[in-house]
Colleague: 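I'd like to ask you about the structure that follows.
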Number of protein chains: 2
Amino acid sequence: MSKPKEVTIYDLARKLNVSIATVSRALKDDPVVSKKTKKKIFDLAEEMGYRYNHFARNLREQRTYTIGVIVPRLNSYFMSTVIAGIESVANNEGYTLIISQSSEDAGKEIASAKTMFNNRVDGMLVSLAYDTEEISHFDQFIKKNIPLIFFDRVSDHPECTSVLIDNRKGAYEATSHLIAQGCRRIVHLTATPKRNVYIDRLAGYKQALADHQIPFDEKYVLINNLSQEAGTQAAAAILQMNPLPDAIFAANDNCAVGCMLTLKKAGIRIPQDMAFAGFNNDPVSTVIEPNLTTINYPGYKMGEMSAASLINHLNGVNSIDTTNTILLRSELIIRASSLKTKSDSE
Amino acid sequence: MSKPKEVTIYDLARKLNVSIATVSRALKDDPVVSKKTKKKIFDLAEEMGYRYNHFARNLREQRTYTIGVIVPRLNSYFMSTVIAGIESVANNEGYTLIISQSSEDAGKEIASAKTMFNNRVDGMLVSLAYDTEEISHFDQFIKKNIPLIFFDRVSDHPECTSVLIDNRKGAYEATSHLIAQGCRRIVHLTATPKRNVYIDRLAGYKQALADHQIPFDEKYVLINNLSQEAGTQAAAAILQMNPLPDAIFAANDNCAVGCMLTLKKAGIRIPQDMAFAGFNNDPVSTVIEPNLTTINYPGYKMGEMSAASLINHLNGVNSIDTTNTILLRSELIIRASSLKTKSDSE
DNA sequence: TGCATCAATGTAACCGATTACATTGTTTTT
DNA sequence: AAAAACAATGTAATCGGTTACATTGATGCA
């Protein structure tokens, strides 16, 4: 009773006096089956409440129609937007997702990779954890020819496509903008330089300084985990500097916000005393006062692109091998937190 | 070459001169197999890189070990936290998730339900969209004895367990707190009264008014979609009121924040002119100035509880039928936005 | 009329597990 | 010593599709 038996192609075949092969072909709209037969079969399937059994197909085809997704965290605005993009494409194409979060921990990332491997995903979409040092845990996929695409937090692997933005350029623009506002002592808040996004943003920052004849000072680079809490702690360190910096460029908005709040409490006026820029265009950037200047980049689209190029590859439509990197556009959004010139702080 | 053949229990059995039945039993640690044989089998499986094939099992067992999850949106802090909780339990128990978002649209919710049904999920976890009027699209699950659990945005269905907080109590506490601060003209921002959460929060609001001999005024209830943008628009409406209200209680933090920002720009002092309370304890509530008083409730735990009770039911451990509602604890967090008495607005 | 061609359908092996039931060999009981 | 009980393992059917290859009957063409 708890298992009312399912209708199968055998049941349909029996009722219509045709073979299961014909039913199977009809259901996938194979042109070799006559229109008349197809219609009979479709109608009966509908009537009897037939449900396709993916497992039988997967078992036979040796595919799972499943994509593994590993992200650092689910509960960030950016990541959940990316996932929404992935989901829409995958759903449309009949793929199922297994989503897992590493919580920024290499160990969990390794464990997740193993789980996904054992679940026989057809392909992988990965954004790396903060502290992942090496990526040999993905070799098992490469060896089995399971395509792997990195997005946002990527790793330069010869076999893998990456979907990301030009982080260096974004950081360059943000820093240049701060310089254009008259800032010279610019602190950069970022995470450990293991991930491309932080390496590149740092490089963009340095490049902007160099191009404007501002000497780079190691002391102005503060490394933390970019949480809001870490921003608070960074603020304390910043207040110890002498002279005080005149701008802060944080590698994400959360950290910028934590830092700003604390500095404001300490009596620093923003942007007059210190200008601020972040990265990501998190919704919080329009809540903080003054609103935060930041780099906007398209999470939803990044998810769509990643999923689409993976699935194209799986379907053999479009060889991934030709495109090794997909760059999406990013843009500087200037808000009050960095506008020293006309300081209408809202 | 793109498909290096997989190792199966047949390969293991052949190499060790035992039957596949023994291998199958050994791999699931069946006590009927001798320790010695088990060890041989485990070792060889490891050595040959054997991977368990879920599809063969699922086909045979007529289960999918898959749980369907439908949420209104993925990119809210609360929901992604809930999903993280669901994911941790499901992962642990060997279940896979299919996650889909309705984008607050009943049509998409219906489509998702159909997809999940056709994917033969073993069970469902659902949080309803804003505009879902009736839930007959879930009848197909009930009919097939597929357990269905609602969380947060629930529906009172005799066959389904619900996991949620006492929204009425939360709203009652928030409103009572505002009253205790001396407020009498309290606006309530909420969504259409189709979802329990908004009905109950409104009821709690009314109850608090009644218990303090404050007449309820229909005009003070503003209905919108609770986005930040909607909060902005609500602020405009509020500014037209005469006399101005002296407090705002919003049914979520986002909307509260949008409203606060706009009112502040219009010169309203918070909390002196208007006190504020929200709902959810979204991270944004500690970014807005003054920090937002709100109701905190445990998203991660809600996810864990929902998943655990679904899986227990699937495993026959613990009949869901006995518990029809699981209530989680919520708490009022008082912050500067509502503290009129000692108005140290930070 | 006879043969090639083709459209439509059928046959049966296969994918890799699970498990009821059968079989074997060993130990215990009487 | 024979029977009963039991531990360990084996046999074979089953889950529901896919698809290479085979078959059937109709049509085209010389």
Side-chain angles (χ1 to χ4, degrees), chain A residues 2-42 44-45 48-66 94 96 118-120 122 144 315, chain B residues 2-42 44-45 48-66 94 96 118-120 122 144 315:
Chain A
S2 93
K3 280 286 166 198
K5 55 248 156 267
E6 289 284 341
V7 179
T8 72
I9 55 171
Y10 292 88
D11 300 323
L12 300 179
R14 200 175 319 117
K15 278 237 183 175
L16 293 174
N17 266 316
V18 296
S19 72
I20 56 160
T22 300
V23 174
S24 172
R25 286 192 272 252
L27 290 175
K28 41 170 48 181
D29 211 18
D30 190 319
V32 86
V33 178
S34 73
K35 303 249 178 240
K36 245 179 52 186
T37 313
K38 257 186 211 167
K39 173 143 179 44
K40 278 196 307 185
I41 293 174
F42 276 127
L44 184 66
M48 295 183 67
Y50 168 80
R51 291 201 290 171
Y52 186 80
N53 188 320
H54 295 95
F55 297 96
R57 172 195 59 181
N58 294 350
L59 176 57
R60 171 65 212 227
E61 290 193 352
Q62 303 285 75
R63 299 177 60 181
T64 61
Y65 291 89
T66 296
T96 292
N118 287 330
N119 273 301
R120 307 194 186 204
D122 287 345
K144 276 223 186 295
N315 293 344
Chain B
S2 92
K3 280 285 167 201
K5 54 247 157 269
E6 290 282 340
V7 179
T8 71
I9 56 170
Y10 293 88
D11 301 323
L12 300 179
R14 199 174 321 116
K15 279 236 181 175
L16 292 175
N17 267 317
V18 296
S19 72
I20 55 161
T22 301
V23 175
S24 172
R25 287 191 270 251
L27 289 175
K28 42 172 44 180
D29 212 18
D30 190 318
V32 85
V33 178
S34 74
K35 302 246 180 245
K36 244 179 52 185
T37 313
K38 257 187 212 167
K39 173 144 178 43
K40 279 196 307 185
I41 293 174
F42 276 126
L44 184 65
M48 294 183 68
Y50 168 80
R51 292 201 287 172
Y52 186 80
N53 189 322
H54 295 95
F55 298 95
R57 172 196 57 181
N58 295 351
L59 176 58
R60 171 66 212 227
E61 290 193 352
Q62 302 286 71
R63 299 177 59 180
T64 62
Y65 291 90
T66 296
T96 291
N118 287 329
N119 273 300
R120 307 193 185 206
D122 287 345
K144 276 223 186 295
N315 293 342

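Quick note on labels: first sequence line is chain A, next is B, and so on, each numbered from 1.
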Colleague: Answer yes or no: does a side-chain N or O of B:Y50 lie under 4.0 Å from OP1 or OP2 of C:dA17?
Modeller: yes
Colleague: Starting at the 5' end of DNA chain D, which residue's closest nucleotide do you reach first, B:P31 or A:T22?
Modeller: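 Here B:P31 is the residue nearer the 5' end.
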Colleague: Taking the six-membered ring of A:Y65, is NZ or CZ of A:R63 closer than 6.0 Å to its centre and within 45° of its axis?
Modeller: yes
Colleague: With a 4.0 Å cut-off on heavy atoms, is A:Y52 in touch with a base, just the backbone sugar-phosphate, or nothing at all?
Modeller: sugar-phosphate
Colleague: Could you tell me the separation between the CD1 atom of B:I9 and the C1' atom of C:dT19, rounded to a whole number of Å?
Modeller: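 The answer, rounded to whole Å, is 11 Å.
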Colleague: Under 4.0 Å between a side-chain N/O of A:Q62 and OP1 or OP2 of C:dG16, yes or no?
Modeller: yes
Colleague: Roughly how many Å is it from CG in A:N17 to C1' in C:dT11, rounded to a whole number?
Modeller: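 Nearest whole value for this atom pair: 16 Å.
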Colleague: With a 3.5 Å cut-off and just heavy-atom distances, do the side chain of B:R25 and the base of D:dG10 make a donor-acceptor pair?
Modeller: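 Per atom types, the contact qualifies.
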Colleague: For A:Y50 and A:V7, work out which heavy atoms get closest and say how close.
Modeller: CD1-O, 3.4 Å
Colleague: Which atom pair, heavy atoms only, marks the closest approach of B:L59 to A:A56?
Modeller: CD1-CB, 4.1 Å
Colleague: Is any side-chain N or O of B:T37 closer than 4.0 Å to OP1 or OP2 of D:dT9?
Modeller: yes
Colleague: Using atom CD of B:E61 as one end and atom P of C:dG16 as the other, report the distance to the nearest whole Å.
Modeller: 17 Å
Colleague: Determine the contact category for A:S24: base if any of its heavy atoms lies under 4.0 Å from a base atom, sugar-phosphate if only primed atoms, P, OP1 or OP2 are that close, otherwise nothing.
Modeller: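 Result for A:S24 = base.
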Colleague: On DNA chain D, compare the nucleotides closest to B:V23 and B:R60; which residue's is nearer the 5' end?
Modeller: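 Nearest-nucleotide comparison on DNA chain D picks B:V23.
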Colleague: Any side-chain N or O of A:K35 under 4.0 Å from OP1/OP2 of C:dA8?
Modeller: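 No, because none of the side-chain N or O atoms of A:K35 sits under 4.0 Å from OP1 or OP2 of C:dA8.
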